[in-house]
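Worksheet for the structure shown next.
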Amino acid sequence: MSPVTALTYVLPHRLLSSLARRLAYSTNRAVKQWLIDTVTRKFGVDLSEAAEPDPTAYPSFNAFFTRALKPGARTPDADPRALLMPADGHISQCGPIVDGRIFQAKGQGFTAAELLGSEADAAPFRDGSFATVYLSPRDYHRVHMPWTGTLRETVHVPGRLFSVGTDAVASVPRLFARNERLVCHFDTDFGPMVQVMVGALLVSGVETVWGGVEIPAYGDAITRKDYRGHGITLERFAEMARFNYGSTVIVVLPQGAATLDPALHAESPVRLGERLALRE
């Protein structure tokens, strides 16, 4: 474990993330431009793909960070049977869920029930499959739908806000089941599908296309919102949510829904719209 990761055990996670949120939404010209220029330079952000390529045109750092792409910058896999990669980034891990357990890294793991917030929610995925996609600060930060689905429920699971960088994932036990997260349940034509928006240190918010800001406010109890009967259906490749700083999305599929692309492995670079899996 690196000294930085060890330090995160004692840092005031929520306080730091709240301060990061204030900075991210600041419209002070000097502050927002310093943040934009620093991140662009340090992480090699490619603004040529952005709908607004001028870094000075964004009113805040958050507006820059959640920027839209220009039309055609990402396209969905041409095979209509393909489930799509939900975001730019790289694969942290992917594979089968074995007897209800999800692999994290180097012997670390957690149960689907821990991740989703209950044994009942995890039951349909006991022998399913998962893909964990890490979005770095340089990536496009909107998360899209792998497959067409109708929103059934969201579950806000409170927790810590550890970094989700490579060292932390390898070192912090059950990291993704400990961090604060928004679990989004969808009904599809192959059964249930879940996308988990995992918060992280300095992540100043998660927003959905149907509800706006979901994290914060930070909470201390699991909060469920029932969307059955609301008719919120999102098409394959449609935007679903966005992170206001880099983090992780986990796609969870039931057994028999689709076969993960065999070319995917830990650290594979991925782009929104590429093939995640193929319907069986």
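Sequential numbering from 1 along the given sequence is applied to the chain's residues. These numbers come from the heavy atoms of this one structure, side chains and all, not from hydrogens, waters or symmetry mates.
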Going only through I, L, V, M, F, W and Y residues with side-chain contacts under 4.5 Å, is there a path from W147 to V209? yes
Which is it for L276 and L260 under the side-chain contact (heavy atoms from CB on, under 4.5 Å) test, yes or no, and what are the steps along the way? CA-CA 6 Å; L276 169 65; L260 293 176; 4.1 Å; yes
When the ring planes of H141 and F65 are compared, do they come out parallel, tilted or perpendicular, using 30° and 60° as the limits? tilted
Joint hydrophobic cluster, F186 plus V133, side-chain heavy atoms closer than 4.5 Å: yes
Under a plain distance cut-off of 3.5 Å, with no hydrogens placed, do T56 and D54 share a side-chain donor-acceptor pair? yes
Charged N to carboxylate O under 4.0 angstrom, D99 versus R101? no
Could you check if a side-chain atom of R152 sits within less than 4.5 angstrom of a side-chain atom of P192, using non-hydrogen atoms only? yes
N/O donor-acceptor pair under 3.5 Å between K32 side chain and Y58 backbone: yes
Output for pair (M197 CE, N179 CG), nearest 0.5 Å, gives 13.5 Å
Is L278 close to D261 at the side-chain level, that is, under 4.5 Å between some pair of heavy atoms? no
Establish, from distance only, whether the side-chain atoms of Q195 and H185 form a donor-acceptor pair under 3.5 Å. no
Any donor and acceptor pair, going by atom type alone, linking the side chain of S129 with main-chain N or O of G95 inside 3.5 Å? no
May I ask you to check whether S48 and D46 show a side-chain donor-acceptor distance below 3.5 Å? yes
Apply side-chain contact (heavy atoms from CB on, under 4.5 Å) to residues F130 and L253 and explain how you reach the verdict. CA-CA 6 Å; F130 77 98; L253 302 171; over 6 Å; no
Quick check for you: to the nearest 0.5 Å, what is the distance between E214 atom CD and H156 atom NE2? 8.5 Å
With rounding to the nearest 0.5 angstrom, report the CZ to OG distance, F61 to S26. 11.5 Å
Looking at every heavy atom in both G109 and R174, which two are closest together, and how far apart are they? O-CG, 3.4 Å
Are side-chain heavy atoms of H90 and S136 found at a separation under 4.5 Å? no
Would you mind reporting whether P86 and V251 have side-chain heavy atoms less than 4.5 Å apart? yes
Salt bridge or not between R67 and E52? Use side-chain N to carboxylate O under 4.0 Å. no
Is there a side-chain contact between P96 and F103 (heavy atoms, below 4.5 Å)? no
pair L234-W210: side-chain heavy atoms closer than 4.5 Å: yes
side-chain contact (heavy atoms from CB on, under 4.5 Å) for R236 and L84? Distances and angles first, verdict last. CA-CA 8 Å; R236 174 181 182 262; L84 306 176; 3.3 Å; yes
When you check the gap from the basic side-chain N to the acidic O, do D189 and R279 get nearer than 4.0 Å? yes
Minimal heavy-atom distance between G72 and T75, with the atoms involved, is O-CG2, 4.1 Å
Heavy atoms of P53 and A51 approach each other most closely as CD-O, 3.6 Å
Gap between atom CZ of R181 and atom CG of L116 - 0.5 Å precision: 8.0 Å
Residues F243 and V143: closest non-hydrogen pair is CE1-CG2, 4.0 Å
Any donor-acceptor N or O pair under 3.5 Å, side chains T132, Q93: no
Side chains of T27 and S60: is there a donor and an acceptor less than 3.5 Å apart? no
Would you call E153 and K225 a salt bridge, using N to O less than 4.0 angstrom? no
How about T40 and D37: does a side-chain donor come under 3.5 Å of a side-chain acceptor? no
Single hit among L115, T111, V252 for side-chain contact (heavy atoms from CB on, under 4.5 Å) with I97: V252
Strictly distance-based, threshold 3.5 Å: is any side-chain N or O of E274 a donor or acceptor partner for the main-chain N or O of R271? yes
Between R74 and D88, does any side-chain N to carboxylate O distance fall below 4.0 Å? yes
Minimal non-hydrogen separation, V270 against A87, with atom names: CG2-O, 4.0 Å
Does the side-chain contact (heavy atoms from CB on, under 4.5 Å) test come out yes or no for H144 and M240, once each step is laid out? CA-CA 5 Å; H144 292 234; M240 185 203 89; 5.8 Å; no
Determine, using the 4.5 Å side-chain heavy-atom cutoff (strictly less than), whether L35 and V39 are members of one ILVMFWY cluster. yes
Quick check: are there more than 12 heavy atoms from other residues, nucleotides or ligands sitting under 6.0 Å from CD of E239? yes
For residues F43 and D139, determine if any side-chain heavy atom of one lies less than 4.5 Å from a side-chain heavy atom of the other. no
In Å and rounded to the nearest 0.5 Å, what is the CD1 to OG1 distance from I232 to T150? 9.5 Å
Would E207 and R142 pass as an ion pair if we require N to O under 4.0 Å? no
R138 side-chain N/O to G44 backbone N/O, donor-acceptor pair under 3.5 Å: yes
Looking only at heavy atoms, which two atoms of F237 and G273 are closest? And how far apart? CE1-CA, 3.9 Å
Would L83 end up clustered with M145 when hydrophobic side chains under 4.5 Å apart are linked, directly or stepwise? yes
Closer than 3.5 angstrom, by distance alone: can the side chain of S268 be matched with the main-chain N or O of H265 as a donor-acceptor pair? yes
Taking a hydrophobic cluster as the set of Ile, Leu, Val, Met, Phe, Trp and Tyr residues connected by side-chain heavy atoms closer than 4.5 Å, whether directly or through intermediates, do V45 and V31 fall within one such cluster? yes
Heavy-atom distance under 4.5 Å between the side chains of I250 and V198, does that happen here? yes
One should read off an interatomic distance between T66 OG1 and F64 CZ, to the nearest 0.5 angstrom, of 10.0 Å
